2 protein chains.
Amino acid sequence: MPIVDAVADIYKALADGTRRALLDELVERDEQTLFELCSRLALKHDLTLTRQAVSQHLDILEAAGLVEAERRGRYKFHTIDTRPLAEIAERWPTRKADA
Amino acid sequence: MPIVDAVADIYKALADGTRRALLDELVERDEQTLFELCSRLALKHDLTLTRQAVSQHLDILEAAGLVEAERRGRYKFHTIDTRPLAEIAERWPTRKADA
DNA sequence: TTGACAGGCAAGTCGATGCTTGCCTATTGT
DNA sequence: ACAATAGGCAAGCATCGACTTGCCTGTCAA
């Protein structure tokens, strides 16, 4: 996958509110499973999605390089990687509209 | 418009490659008109869109607070405002996946 | 071994979104 | 005044994206 597409994936990944909520949860605690993240979305964010929907979101986050997943036995643990986000801040240097 | 929705608009605005290219152009030079931006997209980014399409993108960027527009006579000048982007970097503090 | 649990795959639905087309308004210069 | 220029509005289309439903695979414990 070309770099350009990978970068585009980061922005698309952040475009969805549910995925941003997932990143919020993963920043609070690493190594969470799909079921853990499902229940946390429901409890703390009032997002009642099916397990598959959350799984698809995690796939997108993983493709964008924002989440790493590791399977251990029956469980799959998800961890956030915030490094790709630095590119966003650096792309458009600070420039204020007025003054 | 609630703050939450405004923040969501920032991410949605960045999700489109054409809009990111527009921000790239505006970071290089402020106070550009719709026609200027159209030709620059075509020349430098190989994006041949109609004037209306670019105008719609600028509307979205403006709604997200990333672009300010000022009408002077026959022309409308567009200026980038990078301040909303700071929120993105601050939302998910640095946390590396390994080590 | 077998049932329960964690997760994966794939198709289908439906609303959101990017873009075009056609026409209209406003400002400027001759 | 009127033609040319810069921009705006709105409807229509076609693709994309989020979500669900139904079923399958793999792992662990009793």
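Side chains included, hydrogens not; waters and symmetry mates left out as well; all remaining heavy atoms used. Keep in mind that this is a model prediction, so the values were computed, not measured. Here is how names work: the chains are called A, B, and so on, in the same order as the sequence lines, proteins then strands, and each is numbered from 1.
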Any non-hydrogen side-chain atom of Ile80(A) less than 4.5 Å from a side-chain atom of Asp30(A)? yes

When rounded to the nearest 0.5 angstrom, what distance separates CG in Asp81(A) from CG in Leu61(A)? 11.5 Å

Could you go through the side chain to side chain contact (heavy atoms under 4.5 Å, CB included) check for His78(A) and Leu26(A) one step at a time? CA-CA 8 Å; His78(A) 300 271; Leu26(A) 287 173; 4.2 Å; yes

Tightest non-hydrogen contact, residues Pro84(B) and Gly65(B), listed as CG-O, 3.4 Å

Using a cut-off of 4.0 Å on non-hydrogen atoms, how would the nucleic acid contact of Ile60(B) be classed: base, sugar-phosphate, or nothing? sugar-phosphate

Please find the pair of heavy atoms, one from Ser55(B) and one from Leu34(B), that lie closest to each other, and give the distance. N-CD1, 3.8 Å

Donor-acceptor under 3.5 Å (Arg19(B) side chain, Lys12(B) main chain): yes

Looking at every non-hydrogen atom in both residues, tell me the closest pair between Ala13(A) and Ala64(A) and how far apart they are. CB-CB, 3.8 Å

Base, sugar-phosphate, or nothing for Arg19(A), non-hydrogen atoms under 4.0 angstrom? sugar-phosphate

With clusters built from Ile, Leu, Val, Met, Phe, Trp and Tyr whose side-chain heavy atoms come within less than 4.5 Å, directly or transitively, what are the remaining members of the cluster of Tyr75(B), listed by chain and number? Phe77(B)

To the nearest angstrom, the CZ-P distance between Arg71(B) and dA6(D) comes to 12 Å

Could you tell me the separation between the CZ atom of Arg74(B) and the P atom of dA6(D), rounded to a whole number of Å? 6 Å

Identify all side-chain donor-acceptor contacts of residues 44-52 of chain B below 3.5 Å with residues at least two apart in sequence or on another chain.
from	atom 1	to	atom 2	distance (Å)
Lys44(B)	NZ	Glu25(B)	OE1	3.3
Lys44(B)	NZ	Glu25(B)	OE2	3.2
Lys44(B)	NZ	Glu28(B)	OE1	3.0
His45(B)	NE2	Glu25(B)	OE2	3.0
Thr50(B)	OG1	Ala53(B)	N	3.3

Going by heavy atoms in the side chains, are Pro93(B) and Val27(A) under 4.5 Å from each other? yes

Contact summary for Glu36(A) and Gln32(A), nearest pair of heavy atoms: OE1-CA, 3.3 Å

Rounded to whole angstrom units, what separation is found between the NZ atom of Lys12(A) and the P atom of dT15(D)? 15 Å

Output for pair (Arg40(B) CZ, Asp24(B) CG), nearest 0.5 Å, gives 12.0 Å

Walking along DNA chain C from 5' to 3', note the first and the last nucleotide with an atom under 4.0 Å from a heavy atom of chain A, and give both. dC5(C) to dC9(C)

Using atom names, set out every protein N or O paired with an N or O of nucleotides 19-21 of chain D below 3.5 Å, distance rounded to 0.1 Å.
from	atom 1	to	atom 2	distance (Å)
dC19(D)	OP2	His57(A)	NE2	2.2
dT20(D)	OP2	Thr50(A)	N	2.9
dT20(D)	OP2	Thr50(A)	OG1	2.8
dT20(D)	O4	Gln56(A)	NE2	3.1

Tell me whether Ile60(A) shares a hydrophobic cluster with Leu14(B), the cluster being built from Ile, Leu, Val, Met, Phe, Trp, Tyr side chains joined at under 4.5 Å. no

Taking atom C1' of dA18(D) as reference, at what distance in whole Å does atom CG of Leu14(A) sit? 16 Å

Expected list for residues 31-41 of chain A near DNA chain D, using heavy atoms below 4.0 Å, is none

At how many degrees, to 10°, do the end axes of the helix from dT1(C)-dA30(D) to dT30(C)-dA1(D) meet when each uses five pairs? 20°

